[in-house]
S.K.: 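Right, I'll just put the structure down here and ask away after.
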Amino acid sequence: MNDDELMAQVRDAFEILDPVPADVLAAARASIAWRTPSATLAELALDRGGRAAAGVRGGAGRTLAFACPGRTVEIEVTRNGRHREITGRLVPAAAALVQVRHRDLPDLDALTARAEPAGLFCLPRVPSGLVSLVFRLDGGTSLVTSWVRL
């Protein structure tokens, strides 16, 4: 028995004894569709959580900033029932199509908004959970934020 045959038998044993859950496989397949190879990655640089004070109606917003060389994405996240509202801006200002990447939104066009030329945008009904934003700037470049739990 060679190494390839041994590995095939080990793989078969794991598929029988401990199969990968269907939702994990679906998420893995979806992540390939979400790839944006030419996009610049803006990584989380600031996360100021928004915890409401006792007795205060509503909740304080959560402020996040994602940074990459030459550009910053600043957002504020507020709770809206089961959903989140994201308002934000691109710095320096630029017009762009903003798309939400989320496990429960397999279609990238399911939740989009336009960032106006001043860089301002609003996404009113984003599901809670892991989220990443994709910005397709009008100049033809793309920017993607790292994943963050909202």
Side-chain angles (χ1 to χ4, degrees), residues 7 11-12 14-150:
M7 290 308 297
R11 189 173 22 260
D12 291 343
F14 273 106
E15 287 178 13
I16 293 168
L17 298 173
D18 189 19
V20 177
D23 61 329
V24 172
L25 287 174
R29 287 182 183 108
S31 69
I32 292 175
W34 291 335
R35 283 182 16 146
T36 312
S38 63
T40 302
L41 175 63
E43 297 188 74
L44 185 63
L46 171 76
D47 185 353
R48 258 187 284 162
R51 290 184 174 36
V56 176
R57 190 179 242 169
R62 179 176 170 197
T63 303
L64 299 117
F66 301 88
C68 64
R71 190 161 306 274
T72 303
V73 177
E74 300 171 346
I75 65 171
E76 184 172 308
V77 181
T78 53
R79 292 184 84 137
N80 186 3
R82 293 186 348 235
H83 294 92
R84 306 294 182 258
E85 179 177 275
I86 298 175
T87 55
R89 69 181 183 143
L90 289 165
V91 179
L97 174 67
V98 186
Q99 297 174 307
V100 175
R101 297 191 301 175
H102 188 284
R103 182 180 77 155
D104 295 338
L105 299 170
D107 181 12
L108 276 180
D109 295 328
L111 189 51
T112 61
R114 285 287 310 164
E116 60 187 44
L120 302 173
F121 62 91
C122 180
L123 297 156
R125 295 185 48 83
V126 178
S128 62
L130 284 173
V131 171
S132 171
L133 302 177
V134 178
F135 296 85
R136 300 194 191 286
L137 283 72
D138 286 355
T141 60
S142 296
L143 173 79
V144 61
T145 67
S146 56
W147 291 86
V148 64
R149 185 169 302 281
L150 302 180

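One is the number of the first residue; the rest follow in order along the sequence. Just so it is clear, the values below take in all heavy atoms, side chains as well, and ignore hydrogens, waters and symmetry mates.
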S.K.: Out of curiosity, S128 OG to R82 CZ, how far, rounded to the nearest 0.5 Å?
M.R.: 8.5 Å
S.K.: What are the two closest non-hydrogen atoms of P117 and A93, and how far apart are they?
M.R.: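 Smallest interatomic distance, heavy atoms only, reads O-CB, 3.5 Å.
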S.K.: Look up atom CG in L64 and atom CG in L46, then write down how far apart they are to the nearest 0.5 Å.
M.R.: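 The CG atom of L64 sits 7.0 Å away from the CG atom of L46.
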S.K.: What's the spacing between D12 CG and L17 CG if we round to 0.5 Å?
M.R.: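 Result: 10.5 Å between the selected atoms.
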S.K.: When S132 is tested against each of H102, Q99, R101 for side chain to side chain contact (heavy atoms under 4.5 Å, CB included), which residue passes?
M.R.: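 The residue from H102, Q99, R101 that satisfies side chain to side chain contact (heavy atoms under 4.5 Å, CB included) with S132 turns out to be R101.
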S.K.: What pair of heavy atoms forms the shortest contact from A115 to A94, and how long is it?
M.R.: CB-O, 4.0 Å
S.K.: Are the side chain of S146 and the backbone N or O of L44 linked by a donor-acceptor pair below 3.5 Å?
M.R.: yes
S.K.: Where the side chain of T145 meets the backbone of L133, is there a donor-acceptor pair that is under 3.5 Å apart?
M.R.: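 Yes, because the side chain of T145 sits within donor-acceptor range (under 3.5 Å) of the backbone of L133.
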S.K.: Rounded at 0.5 Å granularity, tell me how far CG in L97 sits from CZ in F135.
M.R.: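 Those atoms lie 10.0 Å apart.
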S.K.: Of all heavy-atom pairs between F121 and V73, which one has the smallest distance, and what is that distance?
M.R.: CZ-CG1, 4.4 Å
S.K.: Write down the atom of L123, the atom of T112, and the distance for their closest heavy-atom approach.
M.R.: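 Where L123 meets T112 most closely, the heavy atoms are CD2-C, 3.9 Å.
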S.K.: Is any side-chain heavy atom of V126 less than 4.5 Å from a side-chain heavy atom of H83?
M.R.: no
S.K.: To the nearest 0.5 Å, what is the distance between SG (C122) and CD1 (I86)?
M.R.: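 Nearest 0.5 Å value for the SG-CD1 distance: 9.0 Å.
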S.K.: Show your reasoning for whether side-chain contact (heavy atoms from CB on, under 4.5 Å) applies to V148 and F66.
M.R.: CA-CA 10 Å; V148 64; F66 301 88; 4.0 Å; yes
S.K.: Shortest non-hydrogen contact from L137 to A96?
M.R.: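 L137 and A96 have their closest heavy atoms at CA-CB, 3.8 Å.
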S.K.: Using a 3.5 Å distance criterion without hydrogens, assess whether the side chain of R71 forms a donor-acceptor pair with backbone atoms of P92.
M.R.: yes
S.K.: Using the side-chain hydrogen bond (donor to acceptor under 3.5 Å, both in side chains) criterion, which residues pair with R89? Sequence neighbours excluded.
M.R.: E74
S.K.: How long is the span from the CG atom in L150 to the CZ atom in R79, to the nearest 0.5 Å?
M.R.: 11.0 Å
S.K.: Is the count of non-hydrogen atoms from other residues, nucleotides or ligands lying under 6.0 Å from R125 atom CZ greater than 12?
M.R.: no
